[in-house]
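Numbered from 1 within each chain, the chains take letters A, B, ... in sequence-line order.
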Amino acid sequence: MFNYATRRVLSALPIAIIAVTVCFFILRLAPGGPFDGERALPPLVLQNLRAHYNLDQPIWIQYFNYVWRMIQGDFGPSMVMEGFEVSELLAIGLPFTLMLGMTAFIVATIIGVIAGIIAAVNQNKWPDYVLVLAVMLGVIVPNFLMGALLQLLFGVYLRWLPAGGWSGGNWLQLVLPVTVLAWPHAARISRLMRGSMIETLGSNFIRTAMSKGIGERLMLTRHALKPALIPVVSYLGPGLSYLLTGSLVVESIFGLPGIGKYFIQAALNRDYGLVLGTTVFYVMLILVLNLLVDLVYAWLDPRVRFR
Amino acid sequence: MANVLEVKDLNVTFSLHDGDVSAVRDLSFVLGQGETLAVVGESGSGKSQAFLAIMGLLARNGRATGKAVLGGTDLLALSPTELDRHRGLDIAMIFQDPMTSLNPSLKIGRQLAEVLVRHRGQSDSAAWRHATEMLDRVGIPEAARRADSYPHELSGGMRQRVMIAMALLCEPKVLIADEPTTALDVTVQAQMLELFKTLTDDFGAALVLITHDLGVVAGLADRMMVMYAGRAVESGSVDDLFYAPNHPYTFGLLHSTPHVEDSGQRLRPILGLPPSLEHLPTGCAFHPRCAFVMPECRTARPELTHRGGGRHAACFYEGELKEKEAAE
Ligand SMILES: Nc1ncnc2c1ncn2[C@@H]1O[C@H](COP(=O)(O)OP(=O)(O)OP(=O)(O)O)[C@@H](O)[C@H]1O
Ligand SMILES: [Mg+2]
């Protein structure tokens, strides 16, 4: 197990380097720059600004400087929010974004797994059909539309829940954003879980378990759950990145103080430092979480662990 | 000899999109205490489904009717929860494929111990200890270490031993083994059969041995039942059926199997294919392939009738079956 973990960590390093490189250059290739405003700046001012942020140096020097400083934890200054370091902005926004994202992730995974099991056990009966409907809504309705609809229904007409904002501690304000974020994730998880549970239930070792008279409940919890979770767990990594990126949009719909607000602003304004910093941070986060997922995977499937 | 299992008019039907198919029809037989009954027949003849039905293990689209009385209880009339009080305790089953019949994500010891926890109310640790003893008893070396490993760490033969140990934990009255050696290589097969012989003797369990292999039948079974297209077509003692079969299908099976002793003899495969269950021939289901076919075989179905000496056969032809005639 330990060897397996070490190997996985080492293999994540090159991926991280590639990801940073790709992000850096793609961002520079995109047309426009941080100082293109409504009105063009006087050439001399522009030149001074570019020199101040080292944008006048050859791009590969900029690249190596960036990577070198990043390794030391310095993501450089924000180019649009004057006077702010990128790491400061990250420190303000990230805790909230992570809290929101992880809450939605955990809620969605638990609900998805349970719903998938219920649908599999009641294959082609009404709970199965209800799930199909919920899944369809979750997958086809984009998050900005779902967010607006829920805000309108529960926040404005029914007035059951706050429609947005965050006053630091009113957890009811999180219900709608978490729902919007969690829904598509739960939908995909439940479909995967349903399919793999149905497959597992048809396998020979489940027949063996039933032949021993241990009963349906133990059969499900002890014998079927772990093997059926395997495909689900391998989706959790990609699923999480999907969910975290969705959180950037959802935060701005619900006016939440996460990194999303800065990120969308930064992307529109070509704030190289902030966009890159956020992206790189996300990449690292997703790599780490994928690593955790892989370890869970190895725990679920002893054949992986021993390889 | 007391009967431990009495099966009467067992029918197994599967519902499919375009109607029902009957995999087992009107199957009746008894199993005596400590007896070994071989069930033979071509692929698809309903051998597995008949016994899966008795164990309550049919696929979701399957239904079983009839009776299967074990120690005074009709297993087919029980709810799943009631049936769970008997499965694994009074009646146990070993499956064809040892590679996929054990749970890949649970330790062997755990998979055995849970049977004792369930039926004997033992504590986890006591059950684990007994499980290890049983592994040792079926000839698994270093049983304690094996109990602590996962199925993929064991060879096919070892896994089948594990399956046997698991089935015997509660000393069941009836042990059903569905082609227990088919997936194993020949040397391991022989060891496994030896093991069955000693273990069923030791435990006094009646054994149902589902198999393709007439060599296995000859070596191990007391009686045999031959199935064709979901029905029993002949049953009786192994000696009687081997030396003087009454049904042309049994006759054909015997002559399509190589014997070590008479290697000079030509093998005669049964011509044609087993019928599909959706389109059974009229009359006797075997008549299109039968070398002894008579006009009435095409229109009427012969009932299973007593032929003396505890033998039964379902065939209109009552004369002696000879190879010469078969060759015509
Ligand atoms: N779930 C199912 N739905 C429909 N038909 C089925 C189902 N399960 C089994 N059958 C059919 O039942 C028939 C009998 O199958 P069974 O498994 O008993 O054959 P068998 O005699 O054990 O053959 P083999 O020697 O290959 O194991 C087969 O024709 C099979 O196609
Ligand atoms: Mg079979």
field: Pick from B/P104, B/A92, B/G88 with the largest number of heavy-atom pairs that fall under 4.5 Å of chain A
entry: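 Most heavy-atom pairs under 4.5 Å with chain A: B/P104.
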field: Among the listed options B/Q111, B/Q96, B/R110, B/M99, the residue most often paired with chain A at heavy-atom distances under 4.5 Å
entry: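 Answer, by heavy-atom pair count under 4.5 Å with chain A: B/R110.
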- request: Identify the heavy atoms of A/V121 and B/R60 that sit nearest to each other, and give their distance.
  value: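 Smallest heavy-atom distance, with atoms named: O-NH2, 3.9 Å.
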field: B/F95 and A/T208: CA distance, side-chain angles, deciding distance, side chain to side chain contact (heavy atoms under 4.5 Å, CB included) verdict
entry: CA-CA 8 Å; B/F95 301 96; A/T208 308; 3.7 Å; yes
query: Considering only heavy atoms from C-beta outward, does the side chain of B/S105 approach that of A/L300 to under 4.5 Å?
result: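 They are not in contact (no side-chain heavy atoms under 4.5 Å apart), so the answer is no.
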query: Are any of the side-chain heavy atoms of A/K212 and B/H119 separated by less than 4.5 Å?
result: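 Sidechains of B/H119 and A/K212: no contact.
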Between [X] and [Y], is there a donor-acceptor pair closer than 3.5 Å when you use the side chain of the first and the backbone of the second?
X	Y	answer
B/R118	A/G213	yes
B/D84	A/I214	no
A/K226	B/L106	no

query: At what distance, to the nearest 0.5 angstrom, does CE of A/M219 lie from CG of B/N103?
result: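 It is 11.5 Å, given to the nearest 0.5 Å.
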message: Tell me which one of B/M55, B/R87, B/M93 satisfies side-chain contact (heavy atoms from CB on, under 4.5 Å) with A/M210.
response: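 With A/M210 as partner, side-chain contact (heavy atoms from CB on, under 4.5 Å) holds for just one option, B/R87.
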- request: Determine, stepwise, if the pair A/E216 / B/T81 fulfils side chain to side chain contact (heavy atoms under 4.5 Å, CB included).
  value: CA-CA 9 Å; A/E216 189 170 18; B/T81 354; over 6 Å; no
query: Is it the backbone or the side chain of B/L89 that comes under 4.5 Å from a heavy atom of chain A, or both, or neither?
result: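 No part of B/L89 comes within 4.5 Å of chain A.
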- prompt: Does the side chain to side chain contact (heavy atoms under 4.5 Å, CB included) test come out yes or no for A/R222 and B/E114, once each step is laid out?
  reply: CA-CA 10 Å; A/R222 185 183 293 164; B/E114 69 179 355; 2.6 Å; yes
- request: Assess whether atom CD of B/E82 is packed by more than 12 heavy atoms of other residues, nucleotides or ligands within 6.0 Å.
  value: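 For B/E82, atom CD is crowded (more than 12 foreign heavy atoms under 6.0 Å).
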B/F14, CZ atom: more than 12 neighbouring heavy atoms under 6.0 Å: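 Result for CZ/B/F14: enclosed.
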- prompt: Which answer fits A/S211, side chain, backbone, both or neither, if we ask what part of it has an atom under 4.5 Å from a heavy atom of chain B?
  reply: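 Both backbone and side chain.
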